[in-house]
Structures are given as C-alpha cells and as structure tokens.
Amino acid sequence: MASNAAVPFWRAAGMTYITYSNICANLVRNCLKEPYKTEAVTREKVHFSISKWTDGKPEKPTLRSDSPEE
Amino acid sequence: MLRRAMGLLARPIAASGARSFSTDLPAAQTADAMFVEAWNKVIPNMDPPKTPLSFMQPRPATPSSIPSKLTVNFVLPYASELATREVDMVIVPATTGQMGVLPGHVATIAELKPGVLSVHEGNETTKYFVSSGFVFIHANSFADIIAVEAAPLNQIDANLVQKGLSEFTQKLSSATTDLEKAEAQIGIDVHSALNSALTG
C-alpha cells in the first residue's frame, strides 16, 4: 500500500475535508434561484451568545453571528 | 483505578473472539446481552439502563437472492430527502466517476464530488445536484447517501453559475498562495459541474 497515495489538491494545499465540503456547499447555495436561495441562507445562519464569567458571576452576554452585522 | 478499567474492558473483548467485518454482521442480537449480564453481576438490584443499541432497528439481513429493488436513504443535514425509498437504480457522482448502483451491488463506500445524483424508479428519473458527501452501499441492497447540500436541478440559476465560473477562473489566475489557488480551483470545479448539470 502506498503510504503517500495521490492526495487531492485541496489537501495538498493544507485544507481539511470539512473545509472543502463546506466551501462546496456554500458555492452551491449561492447559485440557487430565489426563493430557495434566501431559505438556504437563513437556514445556515449561526447565532450564538457568549457570556464571560468572572468570580463565579456571568457578565453581560454578547451576541455573535457568523455574518458581520451591517 | 486504571488497572480495574483495563480488567473490565479486557473481559468482553476476549469473550467475543475474532472480529468479523461490519458487512458480514447479522442483525443485532438481543440488545447487548453481554452488557446486561455484566451489569447484573455487579448491580443485581437495578435494571440495566437502555443503551443506544436497543433503540436502533437492526439492519435487515443480507438476503440470499438479489432483491428486486434498491432501498435508498438520501439525507441532508437539515432534512431527509428520501427515507427508505425503494428504487430501481441510482447514479451517484463519485470521485472516481458516475457510479450506477443497482440492487445487489457489492458493499462500497464512496466519496462524492460535486455532481448530479439521479434516482431512477420505473420510468421516472429525479435529479439532484449534490455539493459533496459520501455514499455507503451495504450488502443488503440499502444505500445511504449523505450530502451537505443538494438541490433539484430546477432550483439552480444558470446566470449565477456562469457568473461564478468566470469569477473563479479570474481568481485562479490572480491567486498567489497555495490556499487561494486551491479555493479558486474548488470554485471552478463546482461551477463547471453545475454548468454541465444544467446543460447536460
């Protein structure tokens, strides 16, 4: 068994499979027709709120999302 | 403490003997009988907890003659497109080329590239564009297709595909680092696959 079998070009460039797969999925989503495109984009939005804790008490949480809010 | 854990782990492994291939395993026996036995020896008063194995339906056994239909599960992270649907054939876009899967196909695991998945049932064909994923074909003529993103061909906008293709071709020529080149190449691959899916 070849230990250095031909690697895909993205792995040779240092990308992992997950990154590759997510890039492909994003590109496909961007090529959809409306209204499917807006549905896909809203479905994939990620929001989370982070609260830092100091001295056993939570501070005010901050809302984050993966798209920069205009 | 660790030595006791090793002792506990060693017992079931030694008892089960040689490991068989996952494709040859029969339908799961009574939900982990060995676990229940071991539990009852140590804690006879309490009922053993249910394990995930007891919730799972056993895999249908491999029939001795080739079944007439292929059972397909086509799932996406947010929905299951096809759930145990009986079809005649599916053609999946594997990295090694378009692979046709018929009932009785040999057990295979294949990685998918961006391309068209077509499901053939009787005289109808349904086509989806799949961004990437995997297909697991089991010996009992069940096929599990998992994709990150998939859309029927009529939901894809040809203008956006052309725009994307020219944009990424341009990015490839202006790319400097390996990573940028790889990203541009991925863009070109996906958009040209989309293009041939729409025109082919």
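Convention: sequence-line order gives letters A, B, ...; per-chain numbering from 1.
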Answer with side chain, backbone, both or neither: which region of [X] has an atom nearer than 4.5 Å to a non-hydrogen atom of chain A?
X        : value
B:Glu111 : side chain
B:Leu194 : side chain
B:Val161 : both

Please check if the number of heavy atoms outside B:Ile109 that lie under 6.0 Å from its CD1 is greater than 12. no
Is the number of heavy atoms from other residues, nucleotides or ligands under 6.0 Å of A:Ile18 CD1 greater than 12?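 No, CD1 of A:Ile18 has 12 or fewer neighbouring heavy atoms, counting only those of other groups under 6.0 Å.
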Heavy-atom distance under 4.5 Å between the side chains of [X] and [Y], does that happen here?
X        : Y        : answer
A:Leu27  : B:Phe168 : yes
B:Val190 : A:Cys24  : yes
A:Glu44  : B:Tyr78  : yes
B:Gln155 : A:Lys33  : no
A:Met15  : B:Glu183 : yes
A:Lys37  : B:Leu160 : yes

Report the C-alpha distance between B:Ser132 and A:Tyr17 in whole Å, list the side-chain angles of each, state the deciding distance to 0.1 Å, and finish with yes or no for side-chain contact (heavy atoms from CB on, under 4.5 Å). CA-CA 10 Å; B:Ser132 63; A:Tyr17 178 79; 4.1 Å; yes
So which residue, B:Val130, B:Asn159, B:Val148, B:Thr177, ends up with the most heavy-atom pairs under 4.5 Å with chain A? B:Val148
Picking from B:Gly133, B:Ser131, B:Ala147, which has the most non-hydrogen pairs under 4.5 angstrom with chain A? B:Ser131
Following the transitive rule for hydrophobic clusters with a side-chain heavy-atom cut-off under 4.5 Å over Ile, Leu, Val, Met, Phe, Trp and Tyr, establish whether B:Leu82 and B:Leu117 coincide in one cluster.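 Yes, B:Leu82 and B:Leu117 fall within the same hydrophobic cluster.
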Please classify the contact between A:Asn30 and chain B as side chain, backbone, both or neither, with a heavy-atom cut-off of under 4.5 Å.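 When you check distances to chain B, only backbone atoms of A:Asn30 fall under 4.5 Å.
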Straight-line distance of B:Asp189 CG to A:Tyr20 OH, nearest 0.5 Å: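 Rounded to the nearest 0.5 Å, the CG-OH separation comes to 6.5 Å.
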Nearest 0.5 Å please: distance from the CZ atom of A:Phe9 over to the CD1 atom of B:Ile186.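 It is 5.0 Å, given to the nearest 0.5 Å.
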Among the listed options A:Val28, A:Leu32, A:Asn22, the residue most often paired with chain B at heavy-atom distances under 4.5 Å: A:Leu32
Heavy-atom pairs under 4.5 Å with chain B: which of A:Ser21, A:Ala40, A:Cys31, A:Ala12 has the most? A:Cys31
